[in-house]
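Let me begin by presenting the structure, written as C-alpha cells, before commenting on it.
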Amino acid sequence: MKRLLLATAVSLLTATSAMAQTVYIVRHAEKVDAPGNPDPALSEAGETRAALLADALREAHPVLVLTSPLQRTVQTAAPTADYHSAPSEAVSLEGGGAAHVAATVARIRALPADATVLVVGHSNTVPAIARALGYAEAADMPECEYDRMTVLHLMDGHAHGEVRRYGAASTC
C-alpha cells in the first residue's frame with residue numbers, strides 16, 4: 001500500500017510539473033550610443049550578450065519568442081530563436097507600455113500550459129511583464145542593467161520565479 005501511495009504521489013508531482021509554463025524574461029542587450037535615434041541596433045557587446053543568451057537557453061527549448069518591434073529586442077532574441085527554430089513575434093508598442101505589457105501577457109497566457117517562451121523587452125517592461133504574470137517580487141530595472149534573466153514557472157494561476165544572471169556583469 002505504501003508503494004502504491006508513493007507511486008501515485010510521484011506520478012501526480014511529475015504530471016503537475018509537466019504542466020507548468022516556463023517564461024524567460026530578459027531586457028534587450030547593450031545598444032549602440034546613437035543620440036536622437038529611437039531605434040538603435042545592438043553594439044558589439046550587445047551582439048556578444050545575445051549569443052550568450054542563446055547559449056544560456058540551449059536546453060530551454062522555447063516554442064515562441066516575444067519581442068517589441070524595436071530592432072534591439074529583435075536582434076537580442078534572434079540567436080535564441082534561430083537556435084531553437086522558434087518563431088519570433090513582435091508585440092506592438094502602440095498604446096504605450098501598459099498596452100504592450102497586457103498584450104504580451106495575453107499572448108503568453110494563450111500558449112499551452114507546458115509551453116516555454118522567451119520574452120525580450122525593455123528596462124521598463126521586463127519587471128512589469130513579470131509582475132503582470134504574478135511574480136510580485138520583480139524589482140524595477142535600472143537603465144544600466146543588461147544581465148538579468150527572470151525565470152518564471154506559471155502553474156494553476158501562481159507564479160514562482162527566480163532571477164539569474166547571464167553574460168558579463170552589468171556595470172551599475
Gly167 to Leu52 - nearest heavy-atom pair and separation:
CA-CD1, 3.7 Å

What is the distance from atom CG of Leu118 to atom OG1 of Thr80, rounded to the nearest 0.5 Å?
5.5 Å

To the nearest 0.5 Å, tell me how far Met149 CE sits from Glu162 CD.
10.0 Å

Counting N and O atoms only, with roles assigned by atom type, does the side chain of Thr67 sit under 3.5 Å from a partner on the main chain of Pro69, one being a donor and the other an acceptor?
no

So, the side chain of His160 versus the backbone of His153: is there a donor-acceptor pair under 3.5 Å, distance only?
no

Decide whether Val101 and Val119 are clustered together by the hydrophobic rule: side chain heavy atoms of Ile, Leu, Val, Met, Phe, Trp, Tyr closer than 4.5 Å, transitively.
yes

What is the minimum heavy-atom distance between Glu143 and Arg27, and which atoms define it?
O-NH1, 2.5 Å

Quick test of your reading of the model: are Glu145 and Arg165 salt-bridged, counting only N-O distances below 4.0 Å?
yes

Could you check whether Arg49 makes a cation-pi contact with Tyr166, meaning its NZ or CZ is under 6.0 Å from the centre of the six-membered ring and within 45° of the ring axis?
yes

N/O donor-acceptor pairs under 3.5 Å from side chains in residues 32-41, not counting sequence neighbours:
unit_1 : atom_1 : unit_2 : atom_2 : d
Asn37  : OD1    : Asp39  : N      : 2.8
Asp39  : OD1    : Gln71  : N      : 2.8

So do the side chains of Arg131 and Asp140 get within less than 4.5 Å of each other, counting heavy atoms only?
yes

Hey, mind stepping through His28 and His122 against side-chain contact (heavy atoms from CB on, under 4.5 Å) and telling me if it holds?
CA-CA 6 Å; His28 63 78; His122 302 272; 3.3 Å; yes

Residue pair Cys172 / Pro142: nearest heavy atoms and the distance that separates them
SG-CG, 4.2 Å

Cluster link Val63 to Val74, ILVMFWY, side chain under 4.5 Å:
no

Would you confirm whether Ser68, through its side chain, and Leu70, through its main-chain N or O, come within 3.5 Å as a donor-acceptor pair?
yes

Within the distance-only criterion (no hydrogens, no angle test), does the side chain of Gln75 pair as donor or acceptor with the backbone N or O of Leu42 below 3.5 angstrom?
yes

Taking every heavy atom of Met155 against every heavy atom of Ala20, the minimum-distance pair comes out as CB-CB, 4.2 Å

Check: Ser170 main-chain N/O paired with Asp147 side-chain donor or acceptor under 3.5 Å
yes

Is a donor on one side and an acceptor on the other found under 3.5 Å between the side chain of Thr76 and the backbone of Arg72?
yes

Using atom types as modelled and distance alone, determine if a side-chain donor or acceptor of Arg164 lies under 3.5 Å from a backbone N or O of Thr150.
no

How long is the straight-line distance from NE2 of His61 back to OH of Tyr83, given to the nearest 0.5 Å?
7.5 Å

Determine whether a donor-acceptor pair (N or O, by modelled atom type, separation under 3.5 Å) exists between the side chain of His84 and the backbone of Leu57.
yes

Kindly say whether Val91 contributes a backbone atom to a donor-acceptor pair with the side chain of His100 at under 3.5 angstrom?
yes

Shortest non-hydrogen contact between Ala139 and Pro127, atoms and distance:
O-CB, 3.2 Å

What I'd like to find out is whether the side chain of Arg107 reaches to under 4.5 Å of the side chain of Leu66, using heavy atoms alone.
yes

Side-chain heavy-atom pair Val65, Val117 within 4.5 angstrom cut-off:
no

From CA spacing to verdict: side-chain contact (heavy atoms from CB on, under 4.5 Å), Val151, Val23
CA-CA 6 Å; Val151 183; Val23 182; over 6 Å; no

Let me know which of Thr116, Leu154, Asp114 forms a side chain to side chain contact (heavy atoms under 4.5 Å, CB included) with Thr22.
Thr116

So, taking the atom named CG in Leu152 and the one named CG in Leu133, what distance separates them when rounded to the nearest 0.5 Å?
6.0 Å

Show your reasoning for whether side-chain contact (heavy atoms from CB on, under 4.5 Å) applies to Val26 and Val126.
CA-CA 6 Å; Val26 300; Val126 164; 5.9 Å; no

Checking Ser85 side chain against Ala81 main chain: does a donor-acceptor pair fall under 3.5 Å?
no

Here the gap from Tyr135 atom OH to His158 atom NE2, rounded to the nearest 0.5 Å, amounts to 16.0 Å

Give, for atom OG of Ser88 and atom CG of Leu64, the distance between the pair rounded to the nearest 0.5 Å.
7.5 Å

